[in-house]
Participant: 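What follows is a structure written as structure tokens; I'll ask about it next.
Order of the sequence lines fixes the chain letters, A, B, ..., with proteins taken first and strands second; residue numbering starts at 1 for each chain. The figures that follow rest on heavy atoms only: side chains count, while hydrogens, waters and symmetry mates do not.
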Amino acid sequence: MDRMRVYVVDNGGQWTHREWRVLRDLGVETKIVPNETPVEDLSVDGLVLSGGAPRVGLDAAKMGRNGDYLERAPVPILGICAGHQFMALHFGGRARPAAVPEFGRTEVTVEDPGDLFIGLPRQLVVWESHNDEVTEAPSGFRTLASSDTCPVQAMQAEDRPLYGLQFHPEVEHTQFGHRIFENFLRVCKDAL
Amino acid sequence: MFSPEAFIEEAVEALRKEISGKAVIAVSGGVDSTTAAVLASRALGKNLRAVYVDTGLMREGEREDVDATLRSLGVRYKVLEAADRFFGELKGIVDPEKKRKVIGNTFVHLFEEEARKVGAEWLIQGTIAPDWIESGGQLRDRIKTHHNVAGLPTSMTLEVVEPLRDLYKDEVRRVARALGVQVAERQPFPGPGLAVRVLGEVTHDRIAVVRAACAVVEEELEKASETGLMERPWQYFAVLLPVKSVGVEGDVRVYGHTIAIRAVASTDGMTASFSPIPQDVLGRMSTRITNEVRGVNRIVYDVTNKPPGTIEWE
């Protein structure tokens, strides 16, 4: 069987290339693609929507075709940081500038392991870098994790394999980051 | 999974295919450029001219170290003496981005002059992933101008080749080990050198202060990690701040410089946490720097992670 193919949609994040690296290290075929890539051109088994400099509340136009992917790509999708915020807004949730932004080391509590946190501890030290945040998950999504100052650190849709993470599982300083990606890849594999 | 052996084979082959004729490679003695030089030397043999630029912005003993490293690898290189040129270009510049651009431009002009002399049309650089990521472009914000990416002048005529472009430092180190490069474990040192560790204007005096302070930090932290008092940080150095403060030395009022000590743990430079340093070790560095480095009377320790800080201050 061919290797699974999971691409990274580049929204201009500092850690987009790290997402590519983690996926490569986990043995899937991966590539970074611009966020203007037409959905028809993506023959993939899963997608990661990267974080990025665009403030989704302020300049959503810079998020390219992320909305198309969420509507029309029939594969599991993991939105990270700006990708997560965009996903929440797209499906009717709320995102806005955070009262307290989070940069660097943050502790999150997993209230519901969902698919992404299977086999992981309830308390995780993760690395963050965001000015905006999701304040309310869309209806049809459940919140999986939160921190003291950010209510939706992770969410999952009930009826489709869509996931959002506010923190960055792709960087070295985040505990169990690879495990979270492995859990996402398991979902991609089950969806084949 | 990343395989250094496979990478070496592919990189040498790609360099052979891409470059027809002579190339110049810029070497600093660090892990990235030394690794790139060994790969390029395997691919191009005598068609490669390595150059080391003495910017006057290097650390204590750096030039001797570079010489030993390159000799041991059999890389023939030429030294370009350019300290006066760099200090001249940097005169009066305070803005960190302007500093980095001036340095990038000055480097390239030197490489172009050298390329003309030897008839080379290619410039090989040891650029790695964080360099181009942090330099930004299109959607990506510019965090800082890496001299070897966004610091290149638009008028540049040399064709740039970057064999390590997709690698992070930990992967470069694995390639370096596989190639037998002795500096594989050397701590990162930025291309613009001590210029970005002097906040404010770069002058001979201020560079001398930060050079001496960096030497103490390196010596003490290396000693402390060798004797098991702490883990060796990923990167560790001193920064001269543009802040003066009041002190008392030998019953006399002084108004002196401030040095910040920075030491971080990281794997790839894309995230970092400040290193826990035992109090005794911090104390020894503080005493030594204030006693040994003229004009410094205050030491602070930087307890910022990346993000929100970057590792270097500029």
Participant: What residues, two or more places apart in sequence or in another chain, satisfy salt bridge (charged side-chain N to carboxylate O under 4.0 Å, His left out) together with A/D148?
Facilitator: none
Participant: Check ring-ring contact (aromatic ring centres under 6.0 Å, His included) between A/F181 and all other residues, then give those that pass, not counting sequence neighbours.
Facilitator: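 Scan of A/F181 (ring-ring contact (aromatic ring centres under 6.0 Å, His included), adjacent residues dropped) gives none.
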Participant: Mind listing the closest non-hydrogen atom pair of B/L139 and A/P54 along with its distance?
Facilitator: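 In this case the closest contact between B/L139 and A/P54 is CD2-CG, 4.2 Å.
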Participant: Step through the atoms of chain A and chain B and list each donor-acceptor pair whose separation is under 3.5 Å.
Facilitator:
| from | atom 1 | to | atom 2 | distance (Å) |
| --- | --- | --- | --- | --- |
| A/D10 | OD1 | B/R140 | NH1 | 3.2 |
| A/D10 | OD2 | B/R140 | NH2 | 2.6 |
| A/G13 | O | B/R140 | NH1 | 2.6 |
| A/Q14 | NE2 | B/D141 | O | 3.4 |
| A/W15 | NE1 | B/M270 | O | 3.2 |
| A/H17 | ND1 | B/Y168 | OH | 2.8 |
| A/H17 | NE2 | B/D166 | OD1 | 2.8 |
| A/R18 | N | B/Y168 | OH | 3.3 |
| A/R18 | NH1 | B/D268 | OD2 | 2.5 |
| A/R21 | NE | B/E171 | OE2 | 3.4 |
| A/R21 | NH1 | B/D170 | OD1 | 2.9 |
| A/R21 | NH1 | B/D170 | OD2 | 3.2 |
| A/R21 | NH2 | B/D170 | OD2 | 2.5 |
| A/R24 | NH2 | B/E171 | OE2 | 2.5 |
| A/G104 | N | B/P307 | O | 3.3 |
| A/W127 | NE1 | B/K306 | O | 2.9 |
| A/H173 | ND1 | B/T271 | OG1 | 2.9 |
| A/H173 | NE2 | B/A265 | O | 3.4 |
| A/H173 | NE2 | B/S273 | N | 3.3 |
| A/H173 | NE2 | B/S273 | OG | 3.0 |

Participant: Suppose a student defines contact as a heavy atom less than 4.5 Å from any heavy atom of chain B. Which residues in residues 73-100 of chain A would they list?
Facilitator: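 No residue falls under the 4.5 Å cut-off.
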